[in-house]
Engineer: 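For reference, the structure I am asking about is given below.
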Amino acid sequence: SNSMALKEMANQVGRYSEGNEYTPLMAAAKNEHLHVVQLGIEQCEVDPNIANSNGLNALHYAAEFNRTNTETIKVLLINMSLDSINKKTSLGDTPLDMAYWHNDSRIRGKIIALIRSKGGKANYHSKCGRFVGAGNGDL
């Protein structure tokens, strides 16, 4: 069926020119394409828990790059397992760590609070957001 083909295609990991691997969902989450993320998860059975070979999933990208609102992150959090919400990359970063390290937007605090409200924890940061080194965070 067409929907099966779409699901298979949507769950495949592709490679961007700079060598980073993204699924279409990861790219949509990174770029705050809320409706693409919603449609993918709700209509096309795209799995938001999939991670690339570096251990990054859609929430890692959203936590790092979202700048205007938290809606995309909300949709991901509702549909992801706690293990995926706290997934460590090959460097040990959880999605929450990505928000602490890289997100300098005005909604950074909202993103952090939202991820924490769904059980998100950091590997490198304490509950108050202080850098404490790998394995000393609140994971």
Engineer: Whether the side chain of E71 engages the backbone of L34 through a donor-acceptor N/O pair (distance < 3.5 Å, no angle test) should be reported.
Structural biologist: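 Absent.
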
Engineer: Could you check whether any side-chain N or O of N31 sits under 3.5 Å from a backbone N or O of H33, counting only pairs where one atom can act as donor and the other as acceptor?
Structural biologist: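 It does not hold such a pair.
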
Engineer: Quick check: closest heavy atoms across E32 and F65, and the distance to 0.1 Å?
Structural biologist: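 Where E32 meets F65 most closely, the heavy atoms are OE2-O, 4.3 Å.
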
Engineer: Are V46 and V36 grouped together when hydrophobic residues (ILVMFWY) are joined by side-chain heavy atoms under 4.5 angstrom apart?
Structural biologist: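 Each belongs to a different hydrophobic cluster.
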
Engineer: Which heavy atom of A99 sits nearest to which heavy atom of I111, and what is that distance?
Structural biologist: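 Smallest interatomic distance, heavy atoms only, reads CB-CG2, 4.2 Å.
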
Engineer: Do the side chain of T89 and the main chain of G92 share a donor and acceptor less than 3.5 angstrom apart?
Structural biologist: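 Judged by distance alone, yes, a pair lies under 3.5 Å.
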
Engineer: Using 0.5 Å steps for rounding, measure from the CD1 atom of I78 to the CG atom of L76.
Structural biologist: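 These two atoms lie 9.5 Å from each other.
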
Engineer: Where is the tightest heavy-atom contact between L96 and G120, given as atom of each residue plus distance?
Structural biologist: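 In terms of heavy atoms, the two residues are closest at CD2-O, 3.8 Å.
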
Engineer: Quick check for you: to the nearest 0.5 Å, what is the distance between K30 atom NZ and T72 atom OG1?
Structural biologist: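 That separation rounds to 14.0 Å.
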
Engineer: Rounded at 0.5 Å granularity, tell me how far OG in S126 sits from OH in Y100.
Structural biologist: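 That separation rounds to 7.0 Å.
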
Engineer: Nearest heavy-atom pair of L59 and P95: which atoms, and what distance?
Structural biologist: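 The answer is CG-CB, 3.6 Å.
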
Engineer: For the residue pair W101 and F131, categorise the inter-ring angle as parallel (less than 30°), tilted (30 to 60°) or perpendicular (more than 60°).
Structural biologist: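 Rings of W101 and F131: tilted, as their planes differ by 30° to 60°.
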
Engineer: With a 4.5 Å limit on heavy-atom distance, are the side chains of L56 and M98 in contact?
Structural biologist: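 Yes - at least one pair of side-chain heavy atoms lies under 4.5 Å apart.
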
Engineer: Under a 3.5 Å distance rule, please check whether N57 uses its side chain to pair with a backbone N or O of I50 as donor and acceptor.
Structural biologist: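 No; zero donor-acceptor contacts below 3.5 Å.
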
Engineer: Can you check whether H35 reaches L39 side chain to side chain, under 4.5 Å on heavy atoms?
Structural biologist: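 No, too far: nothing below the 4.5 Å cut-off.
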
Engineer: How long is the gap from CD1 on I85 to CD1 on I73, to the nearest 0.5 Å?
Structural biologist: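 It is 11.5 Å, given to the nearest 0.5 Å.
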
Engineer: Hey, does N52 have a side-chain heavy atom less than 4.5 Å from the side chain of T23?
Structural biologist: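 Of all side-chain heavy-atom pairs linking N52 with T23, none is under 4.5 Å.
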
Engineer: How many angstroms lie between NZ in K88 and CG in L91, if you round to the nearest 0.5 Å?
Structural biologist: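 These two atoms lie 12.0 Å from each other.
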
Engineer: Between N86 and G119, what is the shortest heavy-atom contact and its length?
Structural biologist: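 Scanning both residues, the minimum pair turns out to be ND2-O, 3.0 Å.
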
Engineer: Give a yes or no on whether Y124 and I112 share a hydrophobic cluster (residues Ile, Leu, Val, Met, Phe, Trp, Tyr; joining criterion: side-chain heavy atoms under 4.5 Å apart).
Structural biologist: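 No; tracing contacts between hydrophobic side chains, which count when under 4.5 Å, never links both residues.
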
Engineer: Name all residues meeting the salt bridge (charged side-chain N to carboxylate O under 4.0 Å, His left out) criterion together with D104; count only those two or more places apart in sequence or in a different chain, and write none if there are none.
Structural biologist: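 For D104 the salt bridge (charged side-chain N to carboxylate O under 4.0 Å, His left out) partners, ignoring immediate neighbours, are R67.
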
Engineer: Is the side chain of N123 donor-acceptor paired with the backbone N or O of L139 at a distance under 3.5 Å, no angle test?
Structural biologist: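 Not confirmed, N123 side chain does not pair with L139 backbone.
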
Engineer: Has the side chain of E64 got a donor or acceptor atom that lies under 3.5 Å from a matching backbone atom of N103?
Structural biologist: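 Checking the backbone N and O of N103 against the side chain of E64, no donor-acceptor pair under 3.5 Å is found.
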
Engineer: According to the salt bridge (Lys or Arg N to Asp or Glu O under 4.0 Å) rule, which pairs have a member within residues 105-128, sequence neighbours left out?
Structural biologist: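 Every salt bridge (Lys or Arg N to Asp or Glu O under 4.0 Å) pair that includes a residue of residues 105-128, provided the two are not neighbours, is R116-D138.
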
Engineer: Judged by modelled atom types alone, do D47 and N49 share a side-chain donor-acceptor pair under 3.5 Å?
Structural biologist: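 Yes, N49 and D47 have a side-chain donor paired with an acceptor closer than 3.5 Å.
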
Engineer: Any donor-acceptor pair under 3.5 Å linking the side-chain atoms of H60 with those of D93?
Structural biologist: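 On atom types as modelled, these side chains do not qualify, holding no pair under 3.5 Å.
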
Engineer: Taking the side chain as every heavy atom from C-beta outward, state whether K87 and T94 have any pair of such atoms under 4.5 Å apart.
Structural biologist: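 Result no, sub-4.5 Å side-chain heavy-atom pair not found.
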
